[in-house]
Amino acid sequence: MDIQQFKYGADNLGYLVYSENCAIAIDPGAPDKMAKFASEKNISIEIVTNTHTHADHTQGNNALVKRTNARFIDCTTFSHGQVLDLKDATGLEVISTPGHTMDSLCFKGDRFVVTGDTLFNATVGNCFSGDLESFFKSLKQLMALPGDTLVYAGHDYVLDSLKYAKIIEPDNPDLNWYADAYNPDHVVSRLSDELKVNPYLRFDTSSMIERLKDKNLPRETQFQRFSSVMEVF
Ligand SMILES: [Fe+2]
């Protein structure tokens, strides 16, 4: 199983997850580039779907379906744990991750996860649903994946997020090499590295707890610490 990233719009990222013969398109905002890539590799795109129903993620659905024989699957019809078949490879597992929107999903491959607007490289999505507890649980699910899991997000917000992370944790040395490793042509990070730099996943670290203490913010439970980080920073 392999994955190819496609940049479109100002900072959106879409993906083809593919095996030897077939592919699943996720957030296909670059339908022409995706179709070209697939035809050059002689792969047939079988499924077109989305991480959630925000328009910047769904805008390429019709165009890609028209150009290929792919079947569109409305992401709101998926259930947690469902596996999307890739025929000649291990399937892609649907993880329900409500929070950014209530219909937000992530797709777990054999060594990567496509995270949409739930988890970005160096930041997290906005909790537009207002259900912060669900968002917290969703992020905890992702944080529990193996550390070497590659995080493929729905936008490239890396540079702005790192500037902000530096304001929140100015003494975090890991922000420097993470910034050096940034490649705008292939935006990805390891989950274990997110735990080192992404302030919104660092609610249990002594440095973040110290920051919350300085600001006299609720920090007793893990969820309180997460909420405080989300609300203040
Ligand atoms: Fe979104």
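In each ligand, atom 1 is the first atom listed, and ligand 1 is the first ligand listed. Computed from a predicted model, the values in this text were never measured in an experiment.
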Exercise. Are D185 and K7 within salt-bridge range, i.e. N to O under 4.0 Å?
Worked result: no
For this session: Could you please compute the angle at the Fe ion (ligand 1) from NE2 of H52 to OD2 of D117, rounded to 10°?
Result: 90°
For this session: May I ask you to check if any N/O/S atom from H100 comes under 2.8 Å of the Fe ion (ligand 1)?
Result: yes
For this session: For residues F107 and Y15, establish whether the separation of their ring centroids is below 6.0 Å.
Result: no
Problem set entry | Closest approach to the Fe ion (ligand 1) by H54, given as the N, O or S atom name | ND1
Exercise. Do Y8 and H57 have ring centres separated by under 6.0 Å?
Worked result: no
For this session: Measure up the H54 and H100 rings against each other and bin them: parallel (under 30°), tilted (30 to 60°), perpendicular (over 60°).
Result: perpendicular
